[in-house]
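Heads up, the thing below is written out as structure tokens.
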Amino acid sequence: MARVAIVTGGTRGIGEAISTALRDGGFTVAANYAGNEARARAFSDATGIEAYKWDVGDHEACLDGCARVAEEVGPVDVVVNNAGITRDGTLHKMSYEDWHEVMRINLGGCFNMAKATFPGMRERGWGRIVNIGSINGQAGQYGQVNYAAAKSGIHGFTKALAQEGAKFGVTVNAIAPGYIDTDMVAAVPPPVLEKIVAKIPVGRLGQADEIARGVAFLCSEDAGFITGSTMSINGGQHMY
Ligand code: CAA
């Protein structure tokens with residue numbers, strides 16, 4: 001029977017590419033989304049992948065949503081924590097709400113999803129968790145103390161949970177995308193984005209599929225010896 005994968009924020013942008021890559025890799029995929037109904041419907045119509053609505057920043061909603069997927073589709077073997085938002089602004093202009101909302105969704109979402117699914121993976125002796133971090137969690141970014149802190153937190157979360165999952169056959173890894181051609185990056189003011197792209201050695205934005213292929217590999221049987229690692233996919237923008 002096909003293994004079951006949940007992709008959070010899985011109906012748009014990088015998440016959409018991950019959902020379809022996992023489906024093409026033989027997984028039964030449930031794509032979570034938070035609010036954009038029209039986009040989710042169009043995604044399901046185009047891909048045949050079922051979309052499930054809940055807020056990953058809401059602990060109870062995650063427990064309920066994952067239970068619903070398990071009941072309707074089957075036990076959850078793979079989670080890709082991709083859902084994330086930006087609320088950019090320099091610290092002196094950033095509200096507490098902008099700080100908190102980014103932490104609640106981007107970092108809190110990883111905890112909530114793991115709480116809902118990691119125990120089952122551990123009991124069944126197989127699992128894959130892939131957390132989508134960011135180059136900006138590795139290197140920092142002007143105007144993003146909230147996002148950089150949450151993404152940096154994801155990298156620590158990944159390494160800690162990897163240690164807990166290792167002896168149960170559950171791998172936990174992160175991917176740190178650079179600037180990818182998505183709605184999120186398109187929202188960066190054009191003059192700022194131009195300067196950023198000028199610093200990418202390969203000379204272009206990345207494509208969502210280039211992240212999705214990395215995720216699909218980390219979720220495969222072949223990647224069973226890789227855990228606690230971060231795969232940087234950023235066109236050479238940050239190397240360390
Ligand atoms: N380093 C130092 N100074 C900088 C700077 C930098 N990187 N960027 C801007 N500044 C300076 C400017 O030169 C300007 O200085 P002066 O007033 O002396 O001229 C000052 O900071 C104000 O800059 P802005 O005009 O940009 O200020 P703003 O308040 O209008 O905008 C901002 C601030 C919203 C943070 C804007 O700069 C911005 O959107 N930056 C891009 C942030 C970014 O990269 N977000 C990524 C989103 S996509 C994503 O996050 C996905 C992923 O994982 C990669």
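First listed ligand is number 1; within each ligand, the first listed atom is number 1.
N131 pairs in a side-chain hydrogen bond (donor to acceptor under 3.5 Å, both in side chains) with only one of the listed residues (T158, N82, T8, N106), which is T158. When each of I49, T47, I18 is tested with V29 by the rule side-chain contact (heavy atoms from CB on, under 4.5 Å), just one qualifies, namely I49.
Within a 4.0 Å radius of atom 8 (N) of ligand 1, the protein has at least one heavy atom. Counting only heavy atoms, the protein never gets under 4.0 Å from atom 12 (C) of ligand 1. Protein heavy atoms all stay at least 4.0 Å away from atom 25 (O) of ligand 1. Contact annotation for atom 40 (N) of ligand 1: protein present (non-hydrogen atoms, distance under 4.0 Å). Distances from atom 15 (O) of ligand 1 to the protein include no heavy-atom value under 4.0 Å. For atom 19 (O) of ligand 1, the nearest protein heavy atom lies 4.0 Å or farther away. At a distance under 4.0 Å, a protein heavy atom can be found next to atom 51 (C) of ligand 1. Atom 4 (C) of ligand 1 lies below 4.0 Å from at least one non-hydrogen atom of the protein.
Atom 44 (O) of ligand 1 has Y179 OH, 2.7 Å as its closest protein atom, hydrogens excluded (heavy atom only). Among protein heavy atoms, atom 32 (C) of ligand 1 sits closest to G89 CA, 4.8 Å. Remark: minimum distance from atom 30 (O) of ligand 1 to any protein heavy atom is reached at K93 NZ, 4.4 Å. The protein heavy-atom contact nearest to atom 33 (C) of ligand 1 is T90 CG2, 4.5 Å. Y142 CD1, 3.5 Å is the protein heavy atom nearest to atom 1 (N) of ligand 1.
Using a 4.0 Å cut-off between heavy atoms, N136 contacts ligand 1 through its side chain alone, with no backbone atom that close. Contacts between A187 and ligand 1 below 4.0 angstrom, taking non-hydrogen atoms only, are absent altogether. When non-hydrogen atoms are compared, ligand 1 lies under 4.0 Å from the side chain of Q144 (C-beta onward) but not from its backbone.
Those atoms of ligand 1 with a heavy atom of G178 less than 4.0 angstrom away are 54 (C). Near G143, the atoms of ligand 1 lying under 4.0 angstrom from a non-hydrogen atom of the residue are 35 (C). Counting atoms of ligand 1 from 1 in the listed order, those under 4.0 Å from a heavy atom of T86 are 50 (O). Atoms of ligand 1 lying under 4.0 Å from any heavy atom of M184, numbered from 1 in the order shown and given with element: 48 (S), 49 (C), 51 (C). Every atom of ligand 1 with a heavy atom of V192 under 4.0 Å away is listed here by number and element: 40 (N), 41 (C). Which parts of ligand 1 touch D88 is read off a 4.0 Å heavy-atom cut-off, strictly below it: atoms 42 (C), 43 (C), 45 (N), 46 (C), 47 (C). Near P189, meaning under 4.0 Å from any of its heavy atoms, are these atoms of ligand 1: 39 (O). Within ligand 1, the atoms closer than 4.0 Å to a non-hydrogen atom of Q141 are 42 (C), 43 (C), 44 (O), numbered from 1 in the order shown.
Under a 4.0 Å heavy-atom criterion, I196 is in contact with ligand 1. Heavy-atom distances between G84 and ligand 1 stay at or above 4.0 Å for every pair. Heavy-atom distances between K195 and ligand 1 stay at or above 4.0 Å for every pair.
For the pair R68 and E71, the salt-bridge criterion is not met [side-chain N within less than 4.0 Å of a carboxylate O]. Remark: E97 does not engage R87 in a salt bridge, criterion side-chain N to carboxylate O under 4.0 Å.
Between N36 and R12, the closest heavy-atom pair is ND2-CD, 4.1 Å.
Side-chain N/O atoms of S229 and N173 include a donor and acceptor closer than 3.5 Å.
To the nearest 0.5 Å, atom OG of residue S134 and atom CD1 of residue I175 are 12.5 Å apart. With rounding to the nearest 0.5 angstrom, the CG atom of N234 is 12.0 Å from the CG atom of L205. We find the NZ-OG1 distance between K159 and T227 to be 12.0 Å, quoted to the nearest 0.5 Å. K151 contributes atom NZ, which lies 13.0 Å from atom CD1 of I135 (distance to the nearest 0.5 angstrom). Considering CG of L91 and CG of N146, their distance stands at 9.5 Å, rounded to 0.5 Å. Distance check: K199 NZ to Y179 OH gives 9.5 Å after rounding to the nearest 0.5 Å.
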Check the pair E221, R3 against side chain to side chain contact (heavy atoms under 4.5 Å, CB included), reporting the backbone distance first and the verdict last.
-> CA-CA 11 Å; E221 293 294 340; R3 293 191 186 279; 3.4 Å; yes
Start with the C-alpha gap between F27 and R128, add the side-chain angles, then the distance that decides, and say whether side chain to side chain contact (heavy atoms under 4.5 Å, CB included) holds.
-> CA-CA 12 Å; F27 293 91; R128 298 280 187 266; over 6 Å; no
Please lay out, stage by stage, how V102 and Q144 fare under the test side chain to side chain contact (heavy atoms under 4.5 Å, CB included).
-> CA-CA 10 Å; V102 168; Q144 279 200 314; over 6 Å; no
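Remark: ligand 1 and S134 share an N or O pair separated by less than 3.5 Å (distance only, no angle test). For ligand 1, one of its N or O atoms has an N or O atom of Y147 under 3.5 Å away.
Surrounding CZ of R122 are at most 12 heavy atoms belonging to other residues, nucleotides or ligands under 6.0 Å away.
Panel note: side chain N32, backbone G9; a donor-acceptor pair is recorded below 3.5 Å.
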